[in-house]
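Quick one: structure below, then a few questions.
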Amino acid sequence: MRVPVPVIVASENGRRGILAAMPLLRAGGSALDAVELACRVVEEDPEDHSVGYGGLPNVLGEVELDASIMDGATLRAGAVAAVQGYGRAITLARRVMEETPHVLLAARGAERLAAELGEQPQDLRTEEALRRWRERFLERGLTPGATENLRAVARILTQPLNLQDKLYQAARPDTLGTVNFLALDAQGNLASGVSTSGLGWKYPGRVGDSPLIGAGNYCDNRYGAAACTGMGELAIRVSTARSLVLYLKCGMSLLEAGREALRDLLALDAGEGQYMNIVALTPAGEHAGFTTVPGKQYLFQSADMDEPQSAPRWMVA
Ligand code: GLY
């Protein structure tokens, strides 16, 4: 039987994670360990304001993290949502998968589990993230953290998302980021990991697609793996990651499956400026990226390459 060449695929901000995880894959390590390690490297990077430590705060100035991990061999999955005070969200997600009978723990419950399992509590707010958080209010004539901001967000959430709103104009691409990793190991197993601090200035408790298995993350050894970055509200509504994998199961090529998953999403009544990106990897090691906005890239490295390379994502409009 042909031994697969390990490969790891990531969103554009995943370079450091790939560099950390590739030696592990080359040494015969598992795809699951690789995606966890890769996500954790990005979570610990204070320069990445979309993930983990240094992530952009919610409207109250609190950093809330979402993450999920999925094992393509068993279809087991773990996830945490709206976690405060613990930076290793992907590791916590894995511990939910491996050490509890559950798939998803949120907020206080996830924080309780983290404490019980001895995870180190951490203030996730960096000076730089707080400065950016304050500035976004001030440039709109709003007081950082004031209750009228909360009311502005609450009003918006009772309507279709409206990016014309004073506060939600903040939801430009620089306020939203996520990291995706998909890996294929030498045993032929696939795994997927996703981690994010979600939408900057979000309503407290807002959970995006990243910790929702099927929406922002899905992985099945038989067909492939997919993960998303972009406006989670869209991927949640059409189960984007699972859709792509299901289209593969139905016999579509990787290109057709990715395009079809984004066409489903583009049929939604999404407001201007809302976008979605997907990365995908098949059991044969074929990979691709898809996007609804021009100029987006993704990263990949197989074990026979010296360093990660970027490749353009297929645009679906
Ligand atoms: N895709 C990340 C989020 O919407 O939170």
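For ligands, and for the atoms within them, numbers begin at 1 and follow the listed sequence. Computed from a predicted model, the values in this text were never measured in an experiment.
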(message) Tell me whether T196 has any N or O atom under 3.5 angstrom from an N or O of ligand 1.
(response) no
(message) Between R131 and E128 (salt bridge meaning N to carboxylate O under 4.0 Å), is one present in this structure?
(response)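 Salt bridge between R131 and E128, a charged N being under 4.0 Å from a carboxylate O: yes.
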(request) Give the residue, atom name and distance (to 0.1 Å) of the protein heavy atom nearest atom 5 (O) of ligand 1. (result) R206 NH1, 2.6 Å
(message) Taking 4.0 angstrom as the limit and counting only heavy atoms of G198, give me the atoms of ligand 1 inside it, by number and element.
(response)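 What qualifies from ligand 1 is 5 (O).
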(request) Check A227 against V194 and note the closest heavy-atom contact, atom names and distance. (result)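 For A227 versus V194, the nearest heavy atoms are CB-CG2, 3.7 Å.
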(request) Just say parallel, tilted or perpendicular for the rings of F300 and H287, cut-offs at 30° and 60°. (result)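 Plane angle between 30° and 60°, so tilted.
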(message) Can you tell me which residue among L254, V279, D264 is in a side chain to side chain contact (heavy atoms under 4.5 Å, CB included) with L244?
(response)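 Output: one option passes, namely L254.
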(request) Determine whether any heavy atom of K202 lies closer than 4.0 Å to an atom of ligand 1. (result) no
(request) Any atoms of ligand 1 less than 4.0 Å from a non-hydrogen atom of T178? List them with their elements. (result)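 This gives 1 (N), 2 (C) as the contact atoms.
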(message) Do the side chains of D185 and R26 get close enough for a salt bridge, i.e. N-O under 4.0 angstrom?
(response) no
(request) Check ligand 1 against D209 and write out every atom of the ligand that is under 4.0 Å from a heavy-atom position of the residue. (result)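 So the answer, numbered in order with elements, is 1 (N), 2 (C), 3 (C), 4 (O).
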(request) Identify which one of R94, R88, R112 satisfies the salt bridge (charged side-chain N to carboxylate O under 4.0 Å, His left out) criterion when paired with E119. (result)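 Considering R94, R88, R112, a salt bridge (charged side-chain N to carboxylate O under 4.0 Å, His left out) with E119 is found only for R88.
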(request) Ignoring angles and geometry beyond distance, decide whether E233 reaches within less than 3.5 Å of ligand 1 through its nitrogen or oxygen atoms. (result) no
(message) Test your reading of the structure: does G208 have an N or O sitting under 3.5 Å from an N or O of ligand 1?
(response)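 No; every N/O pair is 3.5 Å or more apart.
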(message) Counting C-beta onward and ignoring hydrogens, is there a side-chain heavy-atom pair between T292 and M315 closer than 4.5 Å?
(response)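 Contact flag for T292/M315 side chains = no.
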(request) Look at ligand 1 and say whether G230 reaches it with a heavy atom at a distance under 4.0 Å. (result)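 In this structure, G230 qualifies as a contact of ligand 1 - some heavy atom is under 4.0 Å.
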(request) Measure the distances from the heavy atoms of S210 to every atom of ligand 1 and state whether one is below 4.0 angstrom. (result)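 It does; at least one heavy atom falls under 4.0 Å.
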